[in-house]
Asker: 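Dropping a structure here in structure tokens format, bear with me for questions.
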2 protein chains.
Amino acid sequence: MVRPREFDEQEALSAAMRVFWEKGYEATSMGDLTERMGIGRPSLYAAFGGKRELFEAALRAYTKSSLVYIENKLRSATSVRQSLIGYFQGMVDGSAGNNPDFGCLCVNTMVELAPHDSLFADITGEYQTRLTELFRQLIDNGMRSGELPGRLNPSSTARLLTLSAIGLSVTMKAKPDREYAKQVAAEILTLLE
Amino acid sequence: MVRPREFDEQEALSAAMRVFWEKGYEATSMGDLTERMGIGRPSLYAAFGGKRELFEAALRAYTKSSLVYIENKLRSATSVRQSLIGYFQGMVDGSAGNNPDFGCLCVNTMVELAPHDSLFADITGEYQTRLTELFRQLIDNGMRSGELPGRLNPSSTARLLTLSAIGLSVTMKAKPDREYAKQVAAEILTLLE
DNA sequence: CCTATTTTGTACTCATCGGTACATAATGTT
DNA sequence: AACATTATGTACCGATGAGTACAAAATAGG
């Protein structure tokens with residue numbers, strides 16, 4: 001009935017996510033976006049609305065896939081301790097594969113946009129809540145199985161792990177010193193003793 | 001011999017620091033700066049060089065005064081544990097007085113500028129190193145006096161405290177939930193048990 | 001094959017960006 | 001009081017920002 005889209009919306013969104021991830025929201029121009037997404041300006045506006053809306057879509061896509069990735073990663077190991085080692089070491093090793101060393105888009109957004117824009121405060125807050133919930137369940141399981149000491153408070157410990165993840169993300173982004181970060185990542189696990 | 005400056009350079013720099021602190025580097029315009037600093041554009045350029053140079057000066061002033069403030073805060077308490085409680089609770093309570101809830105300028109810079117600008121990676125890295133050193137000394141003292149258990153590794157624990165401080169700063173900035181943050185801040189101290 | 005409909009590329013809009021030229025005002029020295 | 005020197009305010013610069021108008025191109029249905 002009409003002329004079809006010449007680009008894949010998911011791919012374009014993924015490319016946009018990368019750019020925002022690398023440069024931040026303010027420092028990313030529409031020119032950067034169209035170039036990396038491989039589409040023209042009007043196509044971008046027609047498909048996504050505008051810079052802010054595009055960023056929102058990119059951030060939502062990020063949180064979704066990131067949480068799925070983390071959930072799988074935490075599930076894949078043989079013990080609670082191994083799960084967390086895998087998670088934190090993974091952050092250090094360039095996020096285990098396809099992710100560049102630009103920290104966590106969600107953390108970046110917490111710093112750049114959340115204080116002035118409640119929409120992004122909500123989205124990032126939700127991400128944090130769900131990440132903490134994943135940690136809490138994991139700790140709960142570990143305590144039930146006897147792997148972890150019974151005196152831990154699962155909720156508090158989970159919050160502390162989230163806090164550590166945020167700190168590690170920022171540290172890795174600012175100064176990607178693998179050796180240093182690996183030590184810190186290992187040290188985080190002493191929280192479980 | 002000549003016409004003197006009509007503004008106080010320290011005050012102007014302090015005002016600039018505040019603006020960068022609140023809005024971030026990219027989102028701050030020269031207009032924002034001149035307005036809040038109460039000076040004209042040419043005066044700003046004559047006195048500070050340009051936006052980047054002004055930011056550098058503001059960041060250096062921040063790190064300097066912040067480290068002095070933290071050092072005093074840590075020294076003022078009667079025990080190591082009380083020192084750290086004071087420090088972390090202080091971050092939550094709106095930085096104990098004169099600081100708004102915009103996190104730590106240094107952490108903000110680690111996220112926004114450090115990955116793309118080695119000058120700021122260096123400045124923020126130095127800040128982090130010195131903060132960690134303050135923590136390490138404190139822990140060392142606590143272990144010597146017998147307040148802290150002997151099995152702690154002062155360096156590792158200090159790094160973990162720095163990581164937690166970063167995480168708490170980001171969390172507070174994004175979603176200033178005092179009650180939540182207070183709990184997390186208290187939980188951080190379990191690292192010392 | 002023709003037409004209605006949507007996408008695409010080019011070229012623009014206006015606002016704002018960081019930075020500056022220049023004339024005027026204010027000082028210390030003589 | 002006159003001058004050299006520096007600070008200030010106005011008014012500007014070219015570049016770039018996000019967003020859009022419009023015509024050409026590409027499809028599906030008739």
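Chain A is the first sequence line, chain B the second, and so forth, proteins listed ahead of strands; every chain is numbered from 1.
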Asker: Rounded to whole angstroms, how far apart are CZ on A:Phe55 and C1' on D:dA18?
Answerer: 16 Å
Asker: Is B:Glu112 reaching over with its side chain to a backbone N or O of B:Tyr25, donor-acceptor style, under 3.5 angstrom?
Answerer: yes
Asker: Between A:Gln137 and A:Glu133, do the side chains contain a donor N or O and an acceptor N or O under 3.5 Å apart?
Answerer: yes
Asker: To the nearest 0.5 Å, what is the distance between OG on A:Ser118 and CG on A:Asp122?
Answerer: 5.5 Å
Asker: Which whole-number value in Å describes the distance from A:Lys23 NZ to D:dT16 P?
Answerer: 12 Å
Asker: Provide, to the nearest angstrom, the distance between the CG atom belonging to A:Leu33 and the C1' atom belonging to D:dG17.
Answerer: 12 Å
Asker: Output all residues satisfying side chain to side chain contact (heavy atoms under 4.5 Å, CB included) with B:Pro176, sequence neighbours left out; order by chain, then residue number.
Answerer: B:Asp101, B:Met172
Asker: How many whole angstroms separate atom CE of B:Met37 from atom P of C:dG18?
Answerer: 13 Å
Asker: Rounding to an integer number of Å, can you tell me how far B:Leu44 CG sits from C:dC17 P?
Answerer: 14 Å
Asker: To the nearest 0.5 Å, what is the distance between CD1 (A:Ile123) and CZ (A:Phe120)?
Answerer: 5.5 Å
Asker: To the nearest angstrom, how far is B:Lys51 atom NZ from C:dT16 atom P?
Answerer: 15 Å
Asker: Strictly under 4.0 angstrom, non-hydrogen atoms only: write out the protein contact profile of nucleotides 5-10 of chain D, one letter per nucleotide from the 5' end, B, S or -.
Answerer: BBBSBB
Asker: Does anything in residues 109-121 of chain B come within less than 4.0 Å of DNA chain D? Heavy atoms only, and list the residues if so.
Answerer: none
Asker: So what does A:Thr28 touch, heavy atoms closer than 4.0 Å: a base, only the sugar-phosphate, or nothing?
Answerer: sugar-phosphate
Asker: Looking at the rings of A:Phe20 and A:Tyr62, which for Trp means the six-membered one, are their centres under 6.0 Å apart?
Answerer: no
Asker: Please give me the minimum heavy-atom distance between A:Met143 and A:Gly150, naming the atom from each residue.
Answerer: CE-O, 3.4 Å
Asker: Roughly, in whole Å, what's the span from CZ in B:Phe48 to P in C:dG18?
Answerer: 16 Å
Asker: Kindly indicate whether a cation-pi arrangement holds for B:Lys23 with B:Phe102, taking the cut-offs as under 6.0 Å to the six-membered ring centre and within 45° of the axis.
Answerer: no
Asker: Going by heavy atoms in the side chains, are B:Ile166 and A:Leu168 under 4.5 Å from each other?
Answerer: no
Asker: Rounded to whole angstroms, how far apart are CD on B:Glu26 and C1' on D:dG17?
Answerer: 12 Å
